[in-house]
Amino acid sequence: MAERTLIIVKPDAVHRHLVGEIIGRFEKKGLKLVAAKFMQLTEKQAHQVYAVHRGKAFFEPLVKFLSSAPILVTVWEGEGVIEMSRKIMGTTFGFSAEPGSIRGDFSCSERYNLVHGSDSPESAQQEIEMFFKPNEIINYTPN
Ligand code: UDP
Ligand code: MG
């Protein structure tokens, strides 16, 4: 099966009307969109998304932030999609992310950095399963 990644457009992006800009960057790169859901998470669901960070100082405010407003949850598919997506996003903190990346161009914050992307095939699989049933991921061939 082709590699997949979970990309979440976070609440700050929805508030700032940057959803289209952010999705557009993945699309224009040529990545293949295979699933999408616009939704608001409960705090419990947000805890699950960021379970790897449980216990860290930024965990609770991060979970509150992620569940504070709607998000757009998407799945993208293709060879090398995880690493390519991480480059499109930029490094974690907006203030030091490279210009040309989403975070580098639109964020100067640690927490409010607009986008989440899976960081490995294992976390991608887990994260995708949190949000999508197998039949919600669409199989198609782009022209
Ligand atoms: N974060 C934060 N403070 C920190 C580190 C991370 O608020 O010191 C937030 C930030 O929103 C980040 C998320 O926690 O996107 C998850 O952190 P991670 O290290 O997994 O960064 P990412 O994979 O998103 O680049
Ligand atoms: Mg991460």
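As the structure lists them, so they are numbered: ligands from 1, and atoms in each ligand from 1. Atoms considered below: every heavy atom in the structure, side chains included; atoms not considered: hydrogens, waters and symmetry mates.
The backbone N or O of Ala97 lies less than 3.5 Å from no partner atom in the side chain of Ser101, so there is not a single donor-acceptor pair. In this structure, Arg4 contributes its side chain and Gln125 its backbone to no donor-acceptor pair below 3.5 Å. Remark: the backbone N or O of Ile7 is paired with a side-chain donor or acceptor of Thr74 at under 3.5 angstrom.
Counting heavy atoms under 4.0 Å from ligand 1, residue Phe93 touches it through the side chain alone. Residue contacts with ligand 1, taken as heavy atom pairs separated by less than 4.0 Å, involve Tyr50 solely via side-chain atoms from C-beta onward.
Here the heavy atom of the protein found nearest to atom 24 (O) of ligand 1 is Arg103 NH2, 2.9 Å. In terms of protein heavy atoms, atom 25 (O) of ligand 1 is closest to Thr92 OG1, 2.6 Å. Remark: minimum distance from atom 11 (O) of ligand 1 to any protein heavy atom is reached at Arg111 O, 2.8 Å. Closest protein heavy atom to atom 1 (N) of ligand 1: Phe58 CD1, 3.6 Å. Protein heavy atom at the shortest distance from atom 12 (C) of ligand 1 is Asn113 ND2, 3.5 Å. Ranking the protein heavy atoms by distance from atom 17 (O) of ligand 1 puts His53 NE2, 3.4 Å first.
Selection from Met89, Glu110, Arg86 by nearest heavy atom to atom 23 (O) of ligand 1 gives Arg86. Closest heavy-atom approach to atom 13 (C) of ligand 1 within the set Leu62, Val115, Asp119: this belongs to Leu62.
Here Arg103 does not pair with Glu98 in a salt bridge; the nearest charged N to carboxylate O distance is not below 4.0 Å.
Proximity of Asn113 to Phe106: side-chain heavy atoms (C-beta onward) are nowhere separated by under 4.5 Å.
Stacking of Lys56 on the aromatic ring of Tyr50 is not recorded, the 6.0 Å distance cut-off and the 45° axial limit not both being met. For Lys10 and Phe65, the positive end is not near the middle of the six-membered ring at less than 6.0 Å and at most 45° from its axis.
Residue-environment remark: CG (Asn135) exceeds the threshold of 12 foreign heavy atoms within 6.0 Å.
Using 4.0 Å as the threshold, Lys56 has no heavy atom nearer than that to any atom of ligand 1.
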